[in-house]
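Working notes, structure below.
Predicted model only: the values in this text are computed from it and were never measured.
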Amino acid sequence: MAKPPRHTLTMPSAHPRGIPKRALPRLGAALFFVTLVGVALPLAVLHRAAVSRHPLEDPWGRYPLPSLAADDEESAQGDDLDSEDLKLDRVLQKASMRDNTVILTTLNAAWASPGSVIDLFVDSFRSGVRTSSLLNHLVIIAFDGDAYRQCVKIHHYCFALGTEGVDFSEEKRFLTSGYLEMMWKRLDFLRLVLEKGYSFIFSDADIMWFRNPFPHFYPNGDLQIACDHYVGNATDLRNIANGGFNYVKSNERTIEFYSFWYSSRLRYPGYHDQDVFNAIKHDPYVADIGLEIKFLSTAYFGGFCEPSRDLNKVCTMHTNCCIGLRSKIHDLRIMMEDWRNYLSLPPSLKRLLTLSWRVPQNCRYYVQQ
């Protein structure tokens with residue numbers, strides 16, 4: 001196939017025919033002005049188009065994500081930062097501790113309204129013993145636009161998790177199809193965090209943090225998980241795990257387990273992640289990959305299923321075994337009142353008095369057998 005003829009650009013002569021030498025300066029100035037306009041106008045249009053769409057817009061396109069203290073060089077990366085994966089990398093990096101550990105919770109619009117669950121959750125960190133600094137390592141994962149907008153009002157590390165074609169904004173009643181889908185979406189996200197090299201404490205937002213939990217974690221153990229019922233031994237598989245609170249170290253074993261856990265939803269249709277965990281913890285495959293599971297005592301990590309009864313020890317309390325958002329909020333508020341009353345006591349009375357919670361009240365209370 002013949003090549004098309006090449007066209008060469010030729011420079012005009014210094015003295016164009018028919019133009020007086022005296023007119024050349026004015027002509028040069030005119031040509032410079034036309035050239036400047038021709039270049040500047042398209043650049044201005046391009047600049048306007050670039051800045052009109054913030055490079056960190058949320059998936060719903062209704063509220064710009066914060067820059068997370070990004071410097072000018074980062075913000076200049078433009079469309080590359082549009083990737084959800086890169087946004088997640090940035091927020092995890094900024095929130096992580098020195099050992100690449102982050103604290104994670106999830107949020108939808110139903111739990112995000114002012115005075116609702118998320119406000120109580122954050123307030124518990126501020127009211128707890130050596131817990132306020134842990135807010136610097138908390139990332140709130142928003143399932144919908146309303147939850148994200150409320151998150152950025154109350155906290156500095158928020159991440160908008162895209163959920164195409166699924167509306168997670170409304171309250172999801174326990175074991176409904178929407179609830180199950182949201183739980184499995186959450187689990188798959190946690191697997192991704194592990195794959196990125198970050199260890200995490202995951203906490204449901206209806207868990208109040210009263211003390212720093214790190215001194216009460218085991219030095220060994222790949223996955224440490226709270227319980228609805230604790231039998232007294234941290235390695236006993238008869239413990240009934242609760243997926244709402246766990247400390248997971250990022251390594252090959254946990255990444256493989258979370259992939260196995262997520263895929264097991266197909267073996268147990270209609271069950272949520274916690275029930276599936278309590279089934280697959282007995283699977284020989286878990287022992288084959290060498291995963292070490294530690295179950296956390298309810299003396300420190302309690303809930304309404306099995307409360308932490310000693311306020312001198314309690315680290316976290318969960319409104320598990322409770323159905324209905326209104327019931328949760330009612331009892332969470334009373335729980336926070338009980339905690340503040342405890343903190344107001346002199347140290348001598350804290351040790352001498354046998355103090356107990358006034359909850360649960362509106363929440364359904366039972367212990368799984």
Any salt bridge between [X] and [Y], counting N to O under 4.0 Å?
{"X": "Asp204", "Y": "Arg186", "value": "yes"}
{"X": "Arg340", "Y": "Asp123", "value": "yes"}
{"X": "Asp85", "Y": "Lys196", "value": "yes"}
{"X": "Arg333", "Y": "Glu337", "value": "no"}

_Could you go through His318 and Asp206, starting from their C-alpha distance and side-chain angles, then the distance that decides it, and tell me whether this counts as side-chain hydrogen bond (donor to acceptor under 3.5 Å, both in side chains)?_
CA-CA 6 Å; His318 189 184; Asp206 62 339; 3.1 Å; yes

*Dump the intermediate steps for side-chain contact (heavy atoms from CB on, under 4.5 Å) on Ile141 and Val139, then the final yes or no.*
CA-CA 6 Å; Ile141 312 302; Val139 180; 3.7 Å; yes

Does any N or O in the side chain of [X] come within less than 3.5 Å of the main-chain N or O of [Y], such that one atom is a donor and the other an acceptor?
{"X": "Asn320", "Y": "Phe304", "value": "yes"}
{"X": "Thr105", "Y": "Ala205", "value": "yes"}
{"X": "Arg211", "Y": "Val314", "value": "yes"}
{"X": "Gln274", "Y": "Gly243", "value": "yes"}
{"X": "Thr101", "Y": "Met97", "value": "no"}
{"X": "Lys328", "Y": "Thr319", "value": "yes"}
{"X": "Asp146", "Y": "Ala109", "value": "no"}
{"X": "Ser327", "Y": "Cys363", "value": "no"}
{"X": "Asp331", "Y": "Pro360", "value": "no"}
{"X": "Asp228", "Y": "Asn242", "value": "no"}

With a 3.5 Å cut-off and no angle check, do the side chains of [X] and [Y] form a donor-acceptor pair?
{"X": "Asp144", "Y": "Asn108", "result": "no"}
{"X": "Asn100", "Y": "Gln93", "result": "no"}
{"X": "Ser127", "Y": "Trp339", "result": "no"}

*Could you check Ile240 against Cys227 for side-chain contact (heavy atoms from CB on, under 4.5 Å), going step by step and ending with a plain yes or no?*
CA-CA 5 Å; Ile240 307 300; Cys227 297; 5.8 Å; no

Do you know which two heavy atoms are closest between [X] and [Y], and how far apart they sit?
{"X": "Phe143", "Y": "Thr106", "result": "CE1-CB, 3.7 Å"}
{"X": "Asn239", "Y": "Asn278", "result": "O-OD1, 3.9 Å"}
{"X": "Arg253", "Y": "Ile289", "result": "CG-O, 3.2 Å"}
{"X": "Tyr157", "Y": "Leu138", "result": "CB-O, 3.3 Å"}
{"X": "Val152", "Y": "Cys158", "result": "N-SG, 3.6 Å"}
{"X": "Ser199", "Y": "Ser250", "result": "OG-N, 3.0 Å"}

*Using the side-chain hydrogen bond (donor to acceptor under 3.5 Å, both in side chains) rule, take Asn251 and Thr254 through it: C-alpha gap first, then chi angles, then the decisive distance, then the call.*
CA-CA 6 Å; Asn251 56 43; Thr254 56; 3.3 Å; yes

*Check whether any side-chain heavy atom of Leu345 lies under 4.5 Å from a side-chain heavy atom of Leu355, and answer yes or no.*
yes

*asked:* What verdict does the ring pair (Phe, Tyr, Trp, His ring centres under 6.0 Å) test give for Trp357 and Phe210, after you've listed the backbone C-alpha separation in whole Å, the side-chain angles of each residue and the deciding distance to 0.1 Å?
replied: CA-CA 13 Å; Trp357 303 103; Phe210 297 126; 5.6 Å; yes

*Quick one: ring-ring contact (aromatic ring centres under 6.0 Å, His included) partners of Tyr262, sequence neighbours excluded?*
none

*Can Lys350 be said to sit on top of Tyr342's aromatic six-ring, NZ or CZ under 6.0 Å from centre and within 45° of the ring axis?*
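Yes, Lys350 lies over the aromatic ring of Tyr342.
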
*Return the orientation label for the Phe257 and Trp261 ring planes: parallel under 30°, perpendicular over 60°, tilted otherwise.*
tilted

*Decide side-chain contact (heavy atoms from CB on, under 4.5 Å) for Thr316 and Phe245; before the verdict, give the C-alpha distance in whole Å, the side-chain angles of both, and the deciding distance to 0.1 Å.*
CA-CA 9 Å; Thr316 62; Phe245 186 91; 4.0 Å; yes

_For the CZ atom on Arg358, are there more than 12 heavy atoms of other groups (residues, nucleotides or ligands in this structure) within a distance under 6.0 Å?_
yes

Which pairs would a plain distance check flag for residues 290-303, meaning a side-chain donor or acceptor within less than 3.5 Å of a matching protein atom at least two apart in sequence or in another chain?
unit_1	atom_1	unit_2	atom_2	d
Glu292	OE2	Asn220	ND2	3.3
Ser297	OG	Ala299	N	3.0
Thr298	OG1	Glu306	OE2	2.8

*Could you please spell out the steps behind the side-chain contact (heavy atoms from CB on, under 4.5 Å) verdict for Leu194 and Leu190?*
CA-CA 6 Å; Leu194 292 173; Leu190 295 176; 5.9 Å; no

*Determine, using the 4.5 Å side-chain heavy-atom cutoff (strictly less than), whether Val231 and Phe277 are members of one ILVMFWY cluster.*
no

